[in-house]
Each structure stands twice: as structure tokens, then as C-alpha cells.
S.K.: 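Encoded as C-alpha cells, here's the structure I'll be asking about.
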2 protein chains.
Amino acid sequence: MDAAEFRRRGKEMVDYIADYLEQIEKRQVYPDVEPGYLRPLIPDSAPEEPERFEDILQDVERVIMPGASSPACTELETVMLDWLGKMINLPPQFLAGKDGEGGGVIQESFSQATLVALLAARTKAIHRVQREKRELTQGEIIGRLVAYTSDQAHFSVEKAGLIAGVKIKEVPTDDKFAVRGSALRKILDQDKAAGLIPFFFCATLGTTTCCSFDKLPELGPMCNAENIWMHIDAAYAGSSFICPEFRHLLNGVEFADSFNFNPHKWLLVNFDCSTMWVKKRTDLTCAFKIDPVYLKHDHQESGLITDYRHWQIPLGRRFRSLKMWFVFRMYGVKGLQEYIRKHVKLAHEFKDLVLQDDRFEICADVVLGLVCFRLKGTNELNEALLKSINNARKIHLVPCRLKGKFVLRFSICARTAESAHVQFAWKHIVMLASELLKAQKQQQ
Amino acid sequence: MDAAEFRRRGKEMVDYIADYLEQIEKRQVYPDVEPGYLRPLIPDSAPEEPERFEDILQDVERVIMPGASSPACTELETVMLDWLGKMINLPPQFLAGKDGEGGGVIQESFSQATLVALLAARTKAIHRVQREKRELTQGEIIGRLVAYTSDQAHFSVEKAGLIAGVKIKEVPTDDKFAVRGSALRKILDQDKAAGLIPFFFCATLGTTTCCSFDKLPELGPMCNAENIWMHIDAAYAGSSFICPEFRHLLNGVEFADSFNFNPHKWLLVNFDCSTMWVKKRTDLTCAFKIDPVYLKHDHQESGLITDYRHWQIPLGRRFRSLKMWFVFRMYGVKGLQEYIRKHVKLAHEFKDLVLQDDRFEICADVVLGLVCFRLKGTNELNEALLKSINNARKIHLVPCRLKGKFVLRFSICARTAESAHVQFAWKHIVMLASELLKAQKQQQ
């Protein structure tokens, strides 16, 4: 959708809302529908080809309005998470379907998805240990619990540990910045010998620092054998799994208990939209379920409906799945795949430019849309280059540290990114780097 | 703003966004401003009278765009929370100002505000106890910590306790459904004698069930003397404190450590917007602060800026304060006060109708916009009445239980509520109640 079409469609939406407000007293105050009404009204997977905006807008009246905000908000979310789960070919246990034990939910943020997974794992571990060792109190068990994540993992995992009051340990990564089975094995054995209780492992697919991938096929079976909840954080990389050629990066997800990524990062859904799937939704609801009278309803114990308030920390929820429904239909799966492929291609274009200049080096494999690079030389030199780039305010880069090296990250993010932007950025970087190296030489 | 004006203004906004997208490459990628740039550009408190929409929209270009999303998003939020804090006459320690120790933040939900307060209190309590009793481990301290809230409190307090892994105890309320100092005193003394460590009290102003108010002036000094963090949940009632005649309900807030309410409930700010203030922001940041390289920035240690990521669970943030800025200016404080007063008046109108029919009784004081009422008689009778009302789908009521009694709640919520709606609802309820009583008589 270009700006001209946005003007037209945006104004149609404004009229739709104004009409709704003007006519609101003619509508029913409470929906007439039965639980599960929505699923049969729409297809069971996302369209391959783009659909017309008119048709989508008409469906709002046909599909959503009869179900008002509740249960439509819940039911569309469950079905959209099934659509998206199918788009990335998640194992069927993660889908809700009509009678599955798993399913998806939109969390407030991926930090919160990690926290929710950790808390569910904590509850499950406490129950398990209490059955085996009746002499231990809950406090004593929590004191022995230990969770693991990559030394490249996002800081939100450590934060979740702080909140849950459990120890978090970093597992060292290999030379590709990936956690291997052998590294986890070693730390597990040490901790078990010391009387600790391993209960949670957060694997990362596409680390923030350099987009590296933990080795799920090695780690998953180990976690399953050791009663360790495996959660997968694929916040950024997850969107790419809709392309068959990138789906292998998700292999091993079949061993996971929960999986999360952020369609707002790279799937054209506006911020925020952080999607999480679990194999057993009772694992979540056991950790959070509290039912006061003012929230009781007729269908509560029927097993027919999903009470997302037991899947998350807040009670209230926004109708975020509408965004997913619109985006998936306006682009079609093919359109979204093209978008991902274009960004990956642009990242490779940038990588090739870097490789052609032997003053620079590439610091990590370029798998998706992120290129980690630096000037061959000291950290101070690269810190100066970053400062010079960001002070010029033509492009903006965010750095990281990889095994002690200060590294620049070139990330393809914008919806409208084109080859011309990549070429412009590289010329600009080269110019600033040349100035810097020249000034440095003059000083020596 | 009526539907006609909404059509006009909405379309202007669509054009503004489309213009922005078309011109985006002409804008700077990174803002040029210094920390604190925004505060001097706007008044230091909300306007009394409504302002013109054109002027507000022009200010987006003048005030927000030079600061891009960061730091404008953070800085506008800090100033809007100061505006709102002044509107409800919060003690100055809760305001950020230019060099205050306190300040406000928009949390994801009031459940999350409660959780954040509880976690900050937990960290503070652990540090304090560890200084006094060095032999205790963190796990042992957490095992002894105990938090309190009203037996009428929202279930999210219990949920926060589940997440934080600490005991939560309910304090019994008096015949007005309020926690009194004497009730808290009794349970504190018992728990301290049993070796527990009281550390947190969540007071409620305007309970979900019946809009009752805990006695802050009795509870606050006790909490302060006992090193107990007092958090106030005024999710619904908080908005009313902008009216001088309701501000006395907040008396005692000066003893609190943190305070929260939801402007999305009753202050015309769209969902979601849950605002929280603390007296010492270091209490929050101590509980959450973790600083990875990829989030470091130049102004980090300067003390000049606010890193809201240390105030909350998620990392990402939406630009919610824009909604507050628009609403406060479009209505002015006077317009918002009128809106609150009108709703309270409508609730009293409904209460008077109930009192005129001696088959009904009022079950709790009507202080704001909620009326708790029931048919004199059994719970079964009232459950049948509720069912009949909600099945008719003309109006919708949510019930509660008050000291064993099943009670119907008539709540004034809608922006467009008028006397005609109240009259219509009461006639409808009376008709259904009469039918029900008649059918019951025939059965006997």
C-alpha cells in the first residue's frame, strides 16, 4: 500500500468508525453468538495471494461485529495464531485447532513471553519436585532452581530471572556464537552434582547481537530428558521462517515447550505484536489461574473457550489480532515471503560490499537481515567510526560486542528499504572510515 | 468531538501520516536534541479550557518531530505524568519536575503496576533484612515475606504474589468494605510474632466490587513506621480525583510509596493507559536495572534522562502519552471535570430510582459512578434477575458478592451516557424484576 492508497483507505476507515459511533445505539449491547462461532466463518489458513481491501473491511462487519469485542477478540486471536503457526510450519501440537492442547497468544512483549514461560516452568518444576521430595518447602525448591540461556541472549532473560527470583546462568557459545549441546551438558552436570535443580532453558534463534542460532536438535532432546522446559526466543528471526528456505533454522522446535517471536519486527504488523505458542496451555493456566466472581461467566468450565487472562500478566487485552488479519490478507503469504527475501538479499548486498574492501572484516555469518562488521583494528578505532557515523545523522547504527570485539551492526529494517539505500549507506561509511583512518595516520 | 468532527479530524490525521510517509527521506534519521529538550517547549500543567485541534496538531510538528520517537516518547510521558499528577493534586514528591526523585510512568496494565511495585518492595525488603540479619539467604527471606491487601481487592494483587513467589494475605474489611488501621494492626502483630516479615500493603481506592475506599490516613502512618511499602490501586476511582469535591478520597496518599490508576477507565483516554507514580524512582530501577551494550547510550550515567525500561517489565514502549496530551488539551481540565461530575450525577439518579422502589435495596455507599443494588430476598432470586437482564441483551450488568450477598452492579461507563439511558435501564430492570417476582409467586 503506497501513500496514495493509504490516504484513500485511511479515510474509508475513519468513515467506518464515525458511522459505527453514530449508529451505536442500534447495535446489541451483548453478542448473541456461541463459543467457537468465529472459526467456521473464515478460512483455516492465511491466503497465499493478496486479497482486496474492500473484502477485508466487509469481513469486519460479517465476522467481527456479531461477536463484538468479546468473544471476537479472543477467537480471532486464537485463529490468527493458528494461521501464523501454519505459515512457519510449527508442529501441530502448538496449534489450538478445534480440540488441541496447545495454542497461541499475543503477549505484551517478548520480555513478557519469556517471563510467562519461566513462571510456568517454575510452577511445573515446584510441583514435580514436591512430589519427589516432600521434605522441601516451596522456598527451598525455588532456591535450588536454575535456568539457562546463551551468553548472547537478550537481557530480558536475566530480567525474568530477577522477577521470578531464580538463578539464571549463561551457557558459553561456540565460535559461531551458538549454544551447543556439549556446553549445556557440561554445566548441567556440574549444577546437578552441586544439588541444584535445572528447570528451564531459553534457546535463542537469531540473537540480538549477531543473529546466531542455538543448536536446537542437540539441545532439545537433552532438555526433554532432563525435565527442563525449553523456551525458544526467535523475536527477530521468527518472521523469516515463513520462507521454506529459512525454515530449517527452526528445526528442533518439536522439542520445545514454548516458542515466541515478534511479527512487529519483520512481518509488517505494527508495533506491538509478540506471538507465543505453547504445547500445553494448561501449563500456563496452572501458573496464573485465579477466578473472582466479577469475572465468572457461563462458559467458564465448558472447556469450549479460551480465557487468555490466565495466559498472561494483565487482565485487559487490546484487539491486536485484527492487525494480523489485515496484514496477512493484504499481502498474502507470498507477499510477505517476498518482503523477507528482499531484506535478506539487501543484507547480502551490503556484506559483499564490505568484503570487497579489505580494510573491513565481517564478524559473524550473515544468515538473515543483519550484517556484523568492523574495521580491522582496535576497538577504539571502531568506537570512533561508530561515533562518526551516528554523529553525521545520515544513517544510524547500533553496536555490539562479540567475544571482546567492538562490532558495528548494519540491519535492514525499514519497510521501504531498497538497494539504493544500501549503496548510499556503504558509500557514507567508507567516506567516514577513510577520513578517520587518514586522521589517525596523520596523528602517528 | 462528535461523529461529524471526528470524520473531519480523522481524515486530517490520515493526510498528516501519508504526508509524513511521502516525505520521510527528507527527515533526519536521528534527533538533534539534547536531553530535557521537550519540557520547556510546552506548559508545565494541563490547560483549564479546551484548546483548538489545529493548535494541537501543529504542536506535533513543533514539539514531537524534532525529538523523533526517542527521546520525545520518553520526555512527553514524563511531562504528561506530571500534568496528570498535578491535576489530581498528588504530593510533589511523586512528580519528576526537573530534578525530583519521583515521577510517573505508563505501565502496560494496572496488574503490571501492582507487580512492579511488589517487586520493587521485595528487592528493598531483601536488602534491608540482609543488612540486619546476615545469616539469612535471599530464599529464606523471600519465604518469610508477607504482603497484604483488602479482602475486596482485585485478583491481580494475588496474581502478583504468585509471580513474585511471596505470601499475600487478605485483610478483613469493615461494614463499609474498607480496610481500617485496626484490622491491619491485628494481622501485622500476629504475623510478626510468627516470625514473618511484613513488607507490602496494597490499598484500594474504589474497589472493583463496590467502589469502597480503604482508610489511608489510618493505614499510611502504620506502613511507614513498619517499613511496609504502601501501594495504592485506584484503577477506576483515580480519575475522579481531578474534581476538588472528590479529592479528599485520596487523602493519605502522602504516606504511599507508589500510586496507580487507569485514565483509560474514566478519563477519556483510549485503552490502554495505566499511569503509575513513585516517590523514589531508584526503588524501581534498583529492582530491574540490567544494561547490555546494545542498549548503552551517551547520556546513560548523566542523570539527565529517564530510562523507562528500568521501570517496567517490557523493553519496547508505545507512544501512549500522545493520547493523554491530545485528550487533556481537547477537553481542558474543566471539560474532564464536567464529564466525571455528569457520570456521578447519573449514578445518583439511578440510586434514587432504586430507593423509590421498596422491593429493592442499595448495598453499598454510592460515592462515584457505581451503584450496587439487589432485590430484597435470596441470592437465587438476584441471580435469576441478573440472568434475565443479561439474556434480554438491552443492557449488560456484571455482578459481585458482598459479605455473602449476590449483588448487581449498575455502572456508568459510556462516554455518551445520558439521563435517558439511566431511565431506560431502570424501567427495563423493573419490568424484568416484576415478571420474575410474579412468576415466583405463581409457583408458590
Side-chain angles (χ1 to χ4, degrees), chain A residues 3-4 6-7 10-11 13-15 17-19 21-22 24 28-30 32 108-112 115 119 122 137-140 142-143 154-156 158-159 162-165 208-209 271-272 287-288 290-295 313-316 318 390 393-396 398-401 409 416, chain B residues 3-4 6-7 10-11 13-15 17-19 21-22 24 28-30 32 108-112 115 119 122 137-140 142-143 154-156 158-159 162-165 208-209 271-272 287-288 290-295 313-316 318 390 393-396 398-401 409 416:
Chain A
F6 177 80
R7 277 182 216 276
K11 289 170 189 177
M13 285 302 304
V14 168
D15 277 326
I17 296 166
D19 291 345
L21 291 173
E22 283 181 331
I24 197 164
Q28 235 177 221
V29 295
Y30 202 71
D32 239 341
E108 298 288 295
S109 63
F110 96 91
S111 304
Q112 209 151 130
L115 176 60
L119 293 169
R122 190 184 70 176
T137 66
Q138 176 167 325
E140 287 166 335
I142 290 179
H154 192 266
F155 80 106
S156 62
E158 191 182 341
K159 194 165 175 176
L162 268 182
I163 293 170
T208 309
T209 47
F271 186 76
D272 56 22
F288 292 123
I290 304 171
D291 270 324
V293 174
Y294 51 84
L295 294 176
I313 295 169
L315 170 60
R318 284 178 298 130
N390 285 343
R393 284 162 164 61
K394 296 279 183 195
I395 63 173
H396 187 69
V398 173
C400 73
R401 251 173 221 280
R409 295 161 67 259
T416 52
Chain B
F6 176 80
R7 278 182 215 275
K11 290 169 188 177
M13 285 302 303
V14 168
D15 277 325
I17 295 166
D19 291 345
L21 291 173
E22 283 181 331
I24 197 164
Q28 233 175 225
V29 297
Y30 202 72
D32 240 343
E108 298 287 296
S109 63
F110 97 90
S111 303
Q112 210 151 131
L115 176 60
L119 292 170
R122 190 184 69 176
T137 67
Q138 176 168 323
E140 287 166 336
I142 290 180
H154 193 266
F155 80 106
S156 61
E158 191 181 340
K159 194 166 175 177
L162 267 182
I163 293 170
T208 308
T209 47
F271 186 77
D272 54 25
F288 293 123
I290 304 171
D291 269 323
V293 175
Y294 51 83
L295 295 176
I313 295 169
L315 169 61
R318 285 179 296 129
N390 284 344
R393 283 161 164 60
K394 298 276 183 196
I395 63 173
H396 187 69
V398 173
C400 73
R401 251 173 221 282
R409 295 160 68 260
T416 52

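Chain naming here is simple, since letters A, B, ... match the order of the sequence lines and numbering starts at 1 in each. In this text, all values refer to a predicted model and were calculated from it rather than measured experimentally.
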S.K.: If every non-hydrogen atom of A:Arg122 is compared with every non-hydrogen atom of B:Gly165, which pair is closest and at what distance?
M.R.: NH2-N, 4.1 Å
S.K.: Under 4.5 Å heavy-atom distance to chain A, tell me which part of B:Ile395 shows up: side chain, backbone, both or neither.
M.R.: backbone
S.K.: How many angstroms lie between atom OH of A:Tyr30 and atom NE2 of B:His396, to the nearest 0.5 angstrom?
M.R.: 4.5 Å
S.K.: Atom CZ in B:Phe6, atom CG in A:Leu21: separation rounded to 0.5 Å?
M.R.: 6.5 Å
S.K.: Closer than 4.0 angstrom, basic N to acidic O: yes or no for B:Glu108 and A:Arg318?
M.R.: no
S.K.: When only pairs under 4.5 Å are counted, which of B:Ala3, B:Ser111, B:Ala18, B:Ser109 shares the most heavy-atom pairs with chain A?
M.R.: B:Ala18
S.K.: Quick one: what part of B:Ile163 sits under 4.5 Å from any heavy atom of chain A, side chain, backbone, both or neither?
M.R.: both
S.K.: What residue in A:Asp272, A:Thr416, A:Asp32 has the most heavy-atom pairs under 4.5 Å with chain B?
M.R.: A:Asp32
S.K.: Does any part of the side chain of B:Met13, heavy atoms only, come nearer than 4.5 Å to the side chain of A:Val14, both counted from C-beta?
M.R.: no
S.K.: Kindly give the heavy-atom pair with the smallest separation between A:Asp19 and B:Arg7, and that separation in Å.
M.R.: OD1-NH2, 2.8 Å
S.K.: Return the minimal non-hydrogen interatomic distance between A:Lys394 and B:Val29, and the atom names on each side.
M.R.: O-CG1, 3.3 Å
S.K.: Could you check if a side-chain atom of A:Glu140 sits within less than 4.5 angstrom of a side-chain atom of B:Glu140, using non-hydrogen atoms only?
M.R.: no
